[in-house]
Amino acid sequence: MSTTVGQVIRCKAAVAWEAGKPLVMEEVDVAPPQKMEVRLKILYTSLCHTDVYFWEAKGQNPVFPRILGHEAAGYVIVESVGEGVTDLAPGDHVLPVFTGECKDCAHCKSEESNMCSLLRINTDRGVMLNDGKSRFSINGNPIYHFVGTSTFSEYTVVHVGCVAKINPLAPLDKVCVLSCGISTGLGASLNVAKPTKGSSVAIFGLGAVGLAAAEGARIAGASRIIGVDLNASRFEQAKKFGVTEFVNPKDYSKPVQEVIAEMTDGGVDRSVECTGHIDAMISAFECVHDGWGVAVLVGVPHKEAVFKTHPLNFLNERTLKGTFFGNYKPRSDIPCVVEKYMNKELELEKFITHTLPFAEINKAFDLMLKGEGLRCIITMAD
């Protein structure tokens, strides 16, 4: 590998040339890292709904051609450390993360925020911060980055602030799912909702993020975890994540928040909303108990959505919170989440329902579009 120091690496990448069209396996050139950047060898990546959303180009500025992907695990390769990088070395095992932690801005210095001023997610930017250029190209033509990670490539270049160094003993084909959705749901429960032992929690949406929120409630010791979903086929699977009861809003003529209030003698202690649908957000807030109830919004709503509720719901001492990436700081906190898995506090295997080789990445998109499974691990090596 020493021969690649400062050199371009040519490798395989799955390129999205246009919205909604199958990814095309291409030979791409990956430039060496510049100041405060590292070049990573990706070993495993996973597919998240966010990848599909931006591949379909719904509701935002489409940027193509692009290399998607942001849930992954890999390691820093020999020549890969750019100028100014001091806390990563060749061979380190890492998780690239779609948001960052510069450690210098007001957000990074605050114990209450993880929304780094420099490196917070920017879905429109397809280039690196250092020089405004892409590190990917085909025949000299740029291929754009995605949320600073672009893990659907055998090699990628990432800002050092978006790389979490983890325990080298952690199995990368499992912990790669911690770089987005699972940590988002888990942290929404553990860091933001903070249910107490014996409390009741409602989880709206039982996809991977919602089930991670349920897992967080289970770890915290909640005694009642009520799963709310329009898809009844998800209920059986959710039991593995600690969900004790299920509500399908389609089964009732009254609003689901009223159903939950009746089930729980006035409302649940905590709720976590993981769908992004505005009606579910309102229901999640209105179903918590007055006096102490806390609702946490995780899902990303449509850009024109408006949250409407009566002010008395606040005056009666209900609290509404939002969260981004489960309030985890990527470099400081994600290594600790990996340790939860290593210590068997957190189970990840049950989130992984499919495994595919890199050459079959489009099958992973098909599975997600059909709503089959939770997380599909894509193995980069042949």
Side-chain angles (χ1 to χ4, degrees), residues 49 181-182 184-186 188-190 192-302 305 307-310 313 316 318-323 350-351 353 371-374:
H49 275 285
I182 308 309
T184 295
L186 185 76
S189 285
L190 293 177
V192 188
K194 298 180 180 177
T196 55
K197 194 167 185 179
S199 61
S200 58
V201 181
I203 308 290
F204 285 73
L206 298 176
V209 176
L211 292 176
E215 179 81 351
R218 179 191 69 78
I219 291 169
S223 60
R224 293 183 74 180
I225 303 175
I226 302 168
V228 183
D229 202 293
L230 296 169
N231 184 352
S233 67
R234 288 177 158 180
F235 292 168
E236 192 61 36
Q237 177 177 243
K239 292 177 183 176
K240 298 178 193 171
F241 299 83
V243 177
T244 57
E245 299 158 72
F246 304 94
V247 174
N248 187 335
K250 291 193 290 190
D251 293 342
Y252 300 89
S253 56
K254 64 177 75 170
V256 70
Q257 53 266 48
E258 293 181 19
V259 175
I260 293 171
E262 288 175 9
M263 290 171 62
T264 55
D265 193 23
V268 287
D269 302 309
R270 301 288 186 266
S271 71
V272 184
E273 189 286 325
C274 303
T275 73
H277 293 292
I278 195 66
D279 291 342
M281 292 180 164
I282 294 167
S283 296
F285 175 56
E286 294 184 353
C287 81
V288 299
H289 207 290
D290 59 3
W292 61 79
V294 177
V296 178
L297 304 185
V298 178
V300 179
H302 187 275
F307 188 98
K308 294 181 180 179
T309 191
H310 198 284
N313 289 319
N316 287 335
R318 294 178 182 87
T319 299
L320 179 65
K321 293 185 173 187
T323 181
K350 58 192 177 186
F351 288 98
T353 51
E372 294 179 17
L374 294 174

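It should be emphasised that the depicted structure is a prediction, and the values quoted were computed from it without experimental measurement. Only this structure's heavy atoms are used, side chains among them; waters, hydrogens and symmetry mates stay out.
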Interatomic distance, I225 atom CD1 to R218 atom CZ [nearest 0.5 angstrom]:
8.0 Å
Taking every heavy atom of P195 against every heavy atom of V201, the minimum-distance pair comes out as CB-CG2, 3.7 Å
Mark yes or no for whether E273, through its side chain, and G276, through its backbone, hold a donor-acceptor pair below 3.5 Å.
yes
Between T353 (side chain) and G373 (backbone), is there a donor-acceptor pair under 3.5 Å?
no
Taking the side chain as everything from C-beta on, heavy atoms only, tell me whether F204 gets closer than 4.5 Å to C287.
yes
Under a 3.5 Å distance rule, please check whether D269 uses its side chain to pair with a backbone N or O of S199 as donor and acceptor.
no
With S223 via side-chain contact (heavy atoms from CB on, under 4.5 Å) - residues at least two apart
none
Within a strict 4.5 Å, meaning less than it, do heavy atoms of the L320 and L297 side chains meet?
yes
For the atom pair OG1 (T264) and NE2 (H289), what is the distance rounded to the nearest 0.5 Å?
7.0 Å
Check whether any side-chain heavy atom of F241 sits under 4.5 Å from a side-chain heavy atom of I203, and report yes or no.
no
Between the CH2 atom in W292 and the OG1 atom in T196, the distance rounded to the nearest 0.5 Å is 10.5 Å
Taking the side chain as everything from C-beta on, heavy atoms only, tell me whether T275 gets closer than 4.5 Å to V228.
no
Flag side-chain contact, heavy atom, 4.5 Å: V296 against R270
no
If we ignore hydrogens and angles and just use 3.5 Å, is the side chain of R318 paired with the main-chain N or O of F285 as donor and acceptor?
no
Can you list the steps and then say if V209 with H49 is a side-chain contact (heavy atoms from CB on, under 4.5 Å)?
CA-CA 10 Å; V209 176; H49 275 285; over 6 Å; no
CD on E215 to CG on L190, rounded to 0.5 Å:
9.0 Å
So H302 and I278, side-chain contact (heavy atoms from CB on, under 4.5 Å) or not? Walk me through it.
CA-CA 8 Å; H302 187 275; I278 195 66; over 6 Å; no
Decide yes or no for V247 and M263: does some side-chain heavy atom of the first lie under 4.5 Å from some side-chain heavy atom of the second?
yes
Hey, is the main chain of A213 close enough, under 3.5 Å, to the side chain of S189 for a donor-acceptor pair?
yes
Atom pair NZ (K321) and OG1 (T323), whose distance is rounded to the nearest 0.5 Å
9.5 Å
Are the side chains of V298 and T184 in contact, using a 4.5 Å heavy-atom criterion?
yes
Give me the atom names and distance for the closest heavy-atom approach of G207 to L374.
C-CD2, 4.1 Å
Within the side chain of K240, is there an N or O that forms a donor-acceptor pair under 3.5 Å with the backbone of K350?
no
For F246 and D229, run side-chain contact (heavy atoms from CB on, under 4.5 Å): C-alpha distance rounded to whole Å, both residues' side-chain angles, the deciding distance at 0.1 Å, then the answer.
CA-CA 8 Å; F246 304 94; D229 202 293; over 6 Å; no
So D279 and V256, side-chain contact (heavy atoms from CB on, under 4.5 Å) or not? Walk me through it.
CA-CA 10 Å; D279 291 342; V256 70; over 6 Å; no
State, with a plain yes or no, whether a side-chain heavy atom of I260 is found less than 4.5 Å away from one of Q257.
no
Could you tell me whether K194 atom NZ has more than 12 heavy atoms of other residues or ligands within 6.0 Å of it?
no
